[in-house]
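First up is the structure itself, then whatever we jot down about it.
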Amino acid sequence: MALKLYNTLSRKVEEFKPLVDGKVSMYVCGPTVYGHGHLGHAKSYISFDIVVRYLRYIGYNVMYVQNITDVGHLTDDADEGEDKLAVAAKKEHIHPMALAEMYTASFFEDMDTLNCVRPDISPRATGHIPEQIELVETLIEKGYAYEANGSVYFDISKFPEYGKLSGRNIEDMLAGARIAVSQEKKSPCDFALWKKAEANHIMQWNSPWGKGYPGWHLECSVMSMKYLGKTIDIHGGGIENQFPHHECEIAQSEAANGVQFVKYWLHNNMVTVNGQKMGKSLNNFINLKALFAGDHETLSRSYDPLAVRQLILQSHYRSPIDFSDAGLTAAQSGYDKITDAVIALRKAIANAPDGGVDAKIAEELEAIKTKFDNAMNEDLNTAVGLSVIFEMVKMTNALLDGGKATKGTLVAIDSLFRLLGGDVLGIVKDEYAAASAGDDELLDHLIGMMIQQRKDAKANKDYAASDAIRDKLAGFGILLEDKPGGECAWRRK
RNA sequence: GGCGGCGUGGCCAAGUGGACUAAGGCGCUGGUUUGCAAAACCAAUAUUCAUGGGUUCGAAUCCCAUCGCCGCCUCCA
């Protein structure tokens with residue numbers, strides 16, 4: 001069975017067929033770097049991270065480009081207001097490019113923490129000003145754009161397909177009262193390709209139309225074309241970018257090149273916080289660093305980044321997701337359950353009796369993988385994909401409880417955990433920080449002493465003393481687990 | 001006003017015409033284990049899929065209506 005993806009352009013789930021056999025070109029709208037990453041970024045980039053990982057898992061050679069927007073978008077709408085980066089930079093008393101640098105680093109850090117694979121290319125908008133100017137020139141030459149008072153606008157009337165992605169028509173939009181009217185534009189729907197800069201505008205470049213800066217849709221068209229070609233397989237982004245951003249990208253690119261810009265348009269849905277829209281202007285967004293540190297008024301604790309990732313994977317990428325403390329706690333519990341099972345499994349491998357893979361288990365693992373593949377092939381049903389991981393957890397725990405599984409069997413299970421849970425879903429790690437021996441040898445000795453004391457107390461039926469030791473360690477985040485046969489293991493919580 | 005989505009157990013969430021007497025997670029309850037816990041395992045937890053009609057041999061899944069919620073249309077992932 002082949003991969004199927006929901007294509008916003010056709011509003012249908014379609015079988016995915018790349019332009020070139022075995023290769024996929026994919027562009028995802030990246031962040032505007034004027035603040036730390038937040039939950040919305042997490043949802044979006046984890047969603048597309050899954051797309052990339054799954055495509056690679058099923059054998060495609062993927063070229064993944066995700067831009068960094070470090071200029072140009074305005075605080076208000078396409079034609080008014082200030083450059084968001086400039087506003088933030090002014091507030092922090094640093095140069096806009098220093099601000100962009102800082103938040104770009106922060107963004108990469110957060111995405112690494114969420115275990116998102118790095119894009120192959122992360123092009124910056126400011127690094128592609130000449131290319132953007134070239135595209136504007138091309139559009140003017142071909143009659144799709146016009147200059148007015150040092151700015152250049154795309155002439156929507158020359159591109160009848162405008163609206164095909166978002167299902168809008170120009171008449172309806174003209175009837176709407178919310179479109180800002182500019183004297184320079186022939187039609188209120190025309191959008192800026194290049195904006196004339198006032199003298200006090202920090203970020204500005206020379207152009208054939210005087211000093212200015214690029215319009216806010218231009219960079220994606222240009223960088224997509226430059227690194228992936230005139231027609232690409234997949235373009236992803238948040239659903240709110242469907243209109244106008246992606247609509248404008250299509251207009252610019254297809255007008256300039258005369259060929260289809262993108263085969264498959266993928267859009268992820270939005271995030272709400274406690275049932276309410278999370279928006280920049282609402283100022284209710286939870287930034288990722290605060291989330292990982294538990295440093296937010298609505299959060300009772302910190303959350304493991306991969307538990308956040310798991311929460312996102314529990315629902316479909318095209319569904320909205322609500323973040324709440326309760327939801328995060330539930331996801332964290334589930335994540336811990338998987339992690340504990342995998343750690344226990346890997347520990348057990350060392351002491352397991354030699355032997356090959358149990359035939360029945362091998363068969364079950366095969367069925368599990370098939371179920372996983374089928375779910376993911378249906379427009380990336382990560383919720384079912386995750387449920388498969390939980391089936392493996394159950395299988396693992398049952399086998400470990402039985403204590404008779406061979407090394408070969410356990411290794412086979414671990415391999416599948418690494419493949420499906422690790423390579424594809426990104427929630428199972430290759431290595432976990434040593435929870436007992438190894439690096440923490442000293443800690444292990446010390447806790448071992450406590451465990452021995454507790455054991456002695458228990459032997460004397462001094463349960464008050466033994467429970468006090470357990471409680472005290474729990475207070476430090478150390479959980480004791482009594483095993484059958486009087487053994488006691490410890491792990492961090 | 002235009003466009004789109006959603007409403008499934010206490011919570012989250014998959015399923016979108018027939019193996020659904022509805023996956024999975026969290027939670028709760030009972031059991032095994034334990035001195036007691038924790039962890040793990042086993043069992044139980046929706047005769048029902050917002051409501052009312054309709055189509056069909058058959059609907060959570062299709063159609064219509066009603067109610068409720070949400071998003072986009074302005075920067076946002």
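Throughout, protein chains are lettered first and strands after them, A, B, ... in sequence-line order, and every chain is numbered starting at 1. The shown structure was predicted, so the numbers you read here are calculated from the model rather than taken from an experiment. The figures here come from the full heavy-atom set of this structure, side chains too, leaving out hydrogens, waters and symmetry mates.
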Test applied, side chain to side chain donor-acceptor pair (under 3.5 Å); reference residue, A:Tyr317; option that passes from A:Thr382, A:Asn269, A:Asp379: A:Asp379

Rounded distance (Å) that lies between atom P of B:G25 and atom CD1 of A:Ile321: 17 Å

Interatomic distance, A:Gln242 CD vs B:A77 C1' [rounded to whole Å]: 13 Å

Side-chain N,O (A:Asn381) to OP1/OP2 (B:G15) below 4.0 Å: yes

Distance between C1' atoms of B:C20 and B:U47 (Å, rounded): 12 Å

Atom-to-atom span, CZ of A:Arg470 to P of B:A37 - whole angstrom: 9 Å

Interatomic distance at C1', B:U55 relative to B:G68, whole Å: 26 Å

Short side-chain to backbone donor-acceptor contact, A:Asp120 and A:Tyr64, under 3.5 Å: yes

No-H, no-angle donor-acceptor pair, A:Arg491 side chain to B:A39 base, under 3.5 Å: no

Base of B:A40 paired with side chain of A:Asp340 (donor-acceptor, under 3.5 Å): no

Centroid separation A:His217 to A:His246 less than 6.0 Å: no

Sugar-phosphate only, base, or nothing, as touched by A:Val271 at under 4.0 Å among non-hydrogen atoms: base

A:Asn241 vs A:Asp322, nearer the 5' end of RNA chain B by closest nucleotide: A:Asp322

Pair A:Tyr45 and A:Phe107, ring centroids less than 6.0 Å apart: yes

Sugar-phosphate, base or nothing in reach of A:Tyr463, heavy atoms under 4.0 Å: base

